[in-house]
Structure formats: structure tokens, C-alpha cells
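Position 1 is the first residue of the sequence; numbering continues from there. Remember, it's 1-based here, ligands and their atoms both numbered in the order they're listed.
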Amino acid sequence: MVLVLNSTEVRAALPMKEAIRSVEEGFRALGAGRAVVPKRLGISIKEFDGSLLCMPAYITDQEALAVKAVSVYPRNQEKGRPTLSAVAVLLDPRTGEPLAIIEGGALTAIRTGAAVGIATKHMAAEGARRVGIFGAGAVGRAAADAVKEVLGEPVIRVYDLVRARAERFAKEVSRQLDIDASVAADPRDAASWADVIVTATTSATPVFDGRCLGSGAHINAMGANSPDAREVDTATLLRARGRIVLDSKEACMAEAGEILIPMAEGAIRESDIFGELGEVLAKGRAVRRSEKDVTLFKSVGVAVQDAAAAAAVYKIAKAAGIGREIQF
Ligand SMILES: NC(=O)c1ccc[n+]([C@@H]2O[C@H](COP(=O)([O-])OP(=O)(O)OC[C@H]3O[C@@H](n4cnc5c(N)ncnc54)[C@H](O)[C@@H]3O)[C@@H](O)[C@H]2O)c1
């Protein structure tokens, strides 16, 4: 039997605390060489300004074997459709048979929020509380859940190009998470104030000026994933030099404008990259030397997050009787 889970069921079966735990294990396995993650395949659908990615992964010690097909259509917002749509298939590594078909939009937002939580937990300065979120969409929302998990009582300022979205986001987050969340007047109002910044926008150009960052800030750059697009500017990368952590070096060197553009400008070098999140976790390497360091986590998304989250959601849903079983 194959378990089918829709987005509501994914959210019910994968609370952020569990997502952080499982995705952290996934990253640790990647860093310790216990996960197989080939470079993802992508197709550009130029006629409709979209892209499709195929992301397989196998985490050997978690019995997590999965593949996700994910499309990103930034202009969907104008049509009231989601930017990102996805489906994940979890397979039994012993037989290769499918175990579950999982709605991947919710899974992706949650596992991406979990990466924000993990990087923030291991890289932000002690006592960090003020969180600036750029982009009031699905990933920004999951990031709010994640910082609540790892920082205890964060105070959030959200900035979105569409003010009404930021206002709705602040209202919902305040009510649902019982934390102080408000709308930033402009990008600077969030960036210069925050101890932790999350960029989760569809912007291809920097969303704040890195020169205004406070001492000790930690940035999670989650949104952009093409070589000519970036949410974070060269000034920020210069301030984080030596304290830059990537979710996957191979993927970021192919896809992350945040890294590739300043490298092409000669502003930073490969030696300015501290390492991968998986290594930081597996080897217990401290990224931050002092409370004054600016640190940066750049993510383009790694399939190990999907495999870890898919295995966790399946286990919980099975035990709780969530979803529908179908005969293939
Ligand atoms: N790193 C990863 O693993 C990962 C995973 C999933 C999605 N993503 C990426 O994250 C981004 C956000 O995804 P989503 O599903 O939340 O999208 P979404 O469409 O739900 O939300 C994006 C928001 O960003 C806002 N925005 C655009 N430009 C902005 C700017 N300059 N300043 C402030 N706000 C701005 C939009 O108005 C929108 O509200 C996408 O680019 C997506 O491809 C990355």
C-alpha cells in the first residue's frame, strides 16, 4: 500500500520541531558521508518563465530514499497561483517500492524553514532575538516557525514588496505563534535592526544594503537559486568573509548568485567560504569566533532535506493514521 498525503496532512504530521530534528540529522549524514545526493537535474521552461528540478537522495542510516519533482514559477504570484509546486515520492530502500506520495509544496516550505532553524541555532550570536524576514510567502512563514523553535521568544519584523502581504503575515504570525511580529517600514528598518535575517523572496536583486547590517548579524539567504540572481549584495558577503556556510558547495558553486557574482567581481574567493552546513554539524566546527562576526548561510536547497523530511512525515503519519492508503 502507498500512503498519500496532501498539504494539510503534511503540516499536521510534520511540526517544525520534528522537521528541524530530522533535517539536522539529514545534513549531519551528508557531512559525514552517509548520504548519496547527486547534483540535481533542471529544465528551464522558458516559454512560461518556469523551471523544473528533479532531486533524488538516499540517507543510508535513516532508510530514507526519496525523489522530489519541484517546479518554480515566480510569475505565478500575479495569477494567484503558488510560486512553487512539488511532489515527493518516498521509497523503501530495501525493495525500491514506493511507500508514500507526498504533497511537496508544504514539505519544501517546512524543510526549508527547518534549514533556517538549524543554521540559526549553530551560527547566530548568543542571545539573538530580533529577526528580520524578507518575503512574506510560504518559506518566510516556515522560517518564522523555525526561529520560534530555536530562539525561544523572537521578535519579528517582516518586509515584503507587497505591503498587504506583510501585514497579513505579521497578523497571522503574532496570533498563531504568540510572538511579537510587525511590518518593517522599509528594508533598512528590518536589516539594520535584526540579529538574524532571513531572505525568502523571489527577488533576483539584493533586498537590503549590506552596509547597514549591525555587528554580529547572522543572515540566512534562502530565496535565489540561479547564477545571475541574488538577494544578498557584495557588501554583505564582504562582511561575512570567512564565516560563509553553504548548504551544498557543489550546488551553490553552480547556482548561487550570492557567491558567484562577488567571486566574478573579485570581491571574495573560494577560501572565504567556511564550509558546508553538514560538515559544521558532523565535525562540530564553530563558525563564529566572536559576537561581532557577521555570519551567512546560503541555501539553494538540497535533496537530503527532502528525503529526511519525507521519511519523518511518513513515520509520523503512519503512526497517527493520517492520510489515505492506496493500492498501486
Ligand atoms: N533554499 C531553498 O531550499 C528553497 C526552498 C524553497 C523555495 N526557495 C525559494 O524561496 C523563494 C520564496 O519562496 P516562496 O514559496 O516563499 O515564495 P512566495 O511567492 O510564497 O513568497 C515570496 C514573497 O517575496 C516577496 N518579494 C519579492 N521581491 C521582494 C523584495 N525585493 N523584497 C521583499 N519581498 C519581496 C513577494 O512579494 C512574495 O510575497 C523563491 O525564490 C523560491 O524559489 C528556496
Checklist entry - What protein heavy atom is closest to atom 8 (N) of ligand 1, reported as residue, atom name and distance in Å? => result M222 O, 3.9 Å
Checklist entry - Hey, would you say the Y73 and F48 ring centroids sit under 6.0 Å apart? => result no
Checklist entry - Can you tell me which residue and heavy atom of the protein come closest to atom 30 (C) of ligand 1, and the distance to 0.1 Å? => result L161 CG, 3.5 Å
Checklist entry - Looking at ligand 1, does N225 have a heavy atom less than 4.0 Å from it? => result no
Checklist outcome for this item: When E279, E255, E270 are each screened for salt bridge (Lys or Arg N to Asp or Glu O under 4.0 Å) with K249, the one that passes is E270
Checklist entry - Quick one: which ligand 1 atoms are inside 4.0 Å of a heavy atom on S299? => result 1 (N), 2 (C), 3 (O)
Checklist entry - Any side-chain donor-acceptor pair under 3.5 Å between D293 and T295? => result no
Next on the checklist: If I take atom CD1 from residue I110 and atom CG from residue D306, how far apart are they, to the nearest 0.5 angstrom?
Outcome noted: 11.5 Å
Item to check | atom 21 (O) of ligand 1 [closest protein heavy-atom partner, distance rounded to 0.1 Å] | outcome: G137 CA, 3.3 Å
Checklist entry - For ligand 1, is R111 a contact, meaning one of its heavy atoms is under 4.0 Å away? => result yes
Checklist entry - Closer than 4.0 angstrom: is that true for some heavy atom of F134 and an atom of ligand 1? => result no
Next on the checklist: Measuring from atom CG of N6 to atom CZ of R11, what distance do you get when rounded to the nearest 0.5 angstrom?
Outcome noted: 9.0 Å
Next on the checklist: Quick test of your reading of the structure: of Q305, R165, E255, whose heavy atom lies closest to atom 38 (C) of ligand 1?
Outcome noted: R165
Next on the checklist: Hydrophobic clustering (ILVMFWY, side-chain heavy atoms < 4.5 Å, transitive) - are L213 and L296 grouped together?
Outcome noted: yes
Checklist entry - Is the shortest N/O to N/O distance between V207 and ligand 1 below 3.5 Å? => result no
Checklist entry - Would you call E167 and K171 a salt bridge, taking side-chain N to carboxylate O under 4.0 Å as the test? => result no
Checklist outcome for this item: atom 18 (P) of ligand 1 has as its nearest protein heavy atom T83 OG1, 3.6 Å
Next on the checklist: Show me which atoms of ligand 1 lie under 4.0 Å from any heavy atom of V72.
Outcome noted: 43 (O)
Item to check | Verdict with supporting geometry, E325 and K318, salt bridge (Lys or Arg N to Asp or Glu O under 4.0 Å) | outcome: CA-CA 10 Å; E325 303 234 64; K318 268 291 245 195; 3.4 Å; yes
Checklist entry - Does Q77 approach ligand 1 within less than 4.0 angstrom via side chain, backbone, both or neither, non-hydrogen atoms only? => result side chain
Checklist outcome for this item: Within 4.0 Å of some non-hydrogen atom of S203, the atoms of ligand 1 are 28 (N), 31 (N)
Checklist entry - What's the shortest distance from atom 22 (C) of ligand 1 to any protein heavy atom, and which residue and atom give it? => result A200 O, 3.9 Å
Next on the checklist: What protein heavy atom lies closest to atom 16 (O) of ligand 1? Include the residue and the distance to one decimal.
Outcome noted: V139 N, 2.9 Å
Item to check | atom 10 (O) of ligand 1: the protein heavy-atom neighbour that sits closest, reported with distance to 0.1 Å | outcome: G223 CA, 3.4 Å
Checklist entry - Would you find a donor on one side and an acceptor on the other, under 3.5 Å apart, between the side chain of D247 and the backbone of G301? => result yes
Item to check | Proximity of V300 to ligand 1 by residue part, where a heavy atom lies under 4.0 Å | outcome: backbone
Next on the checklist: Among all protein heavy atoms in this structure, tell me which lies nearest to atom 27 (C) of ligand 1, with the distance rounded to 0.1 Å.
Outcome noted: T202 OG1, 3.4 Å
Checklist entry - Counting heavy atoms only, which of D247, L84, T112, T201 is nearest atom 40 (C) of ligand 1? => result T201
Item to check | Contact atoms of ligand 1, heavy-atom distance to G301 under 4.0 Å | outcome: 1 (N), 2 (C), 3 (O)
Checklist outcome for this item: Taken in chain and number order and not counting sequence neighbours, the residues that satisfy salt bridge (Lys or Arg N to Asp or Glu O under 4.0 Å) with E172 are none
Next on the checklist: Test salt bridge (Lys or Arg N to Asp or Glu O under 4.0 Å) on R188 and D209; report intermediate values, then the result.
Outcome noted: CA-CA 7 Å; R188 191 189 169 89; D209 181 342; 6.0 Å; no
Item to check | Between N220 and S299, a side-chain donor and acceptor under 3.5 Å | outcome: no
Checklist entry - Does ligand 1 have a heavy atom under 4.0 Å from the side chain of D160, from its backbone, from both, or from neither? => result both
Next on the checklist: Closer than 4.0 Å to some heavy atom of T108 - which atoms of ligand 1 meet that?
Outcome noted: 5 (C), 6 (C)
Next on the checklist: Out of the candidates M55, R40, Q305, only one should pair with K68 under the side-chain contact (heavy atoms from CB on, under 4.5 Å) rule; please name it.
Outcome noted: M55
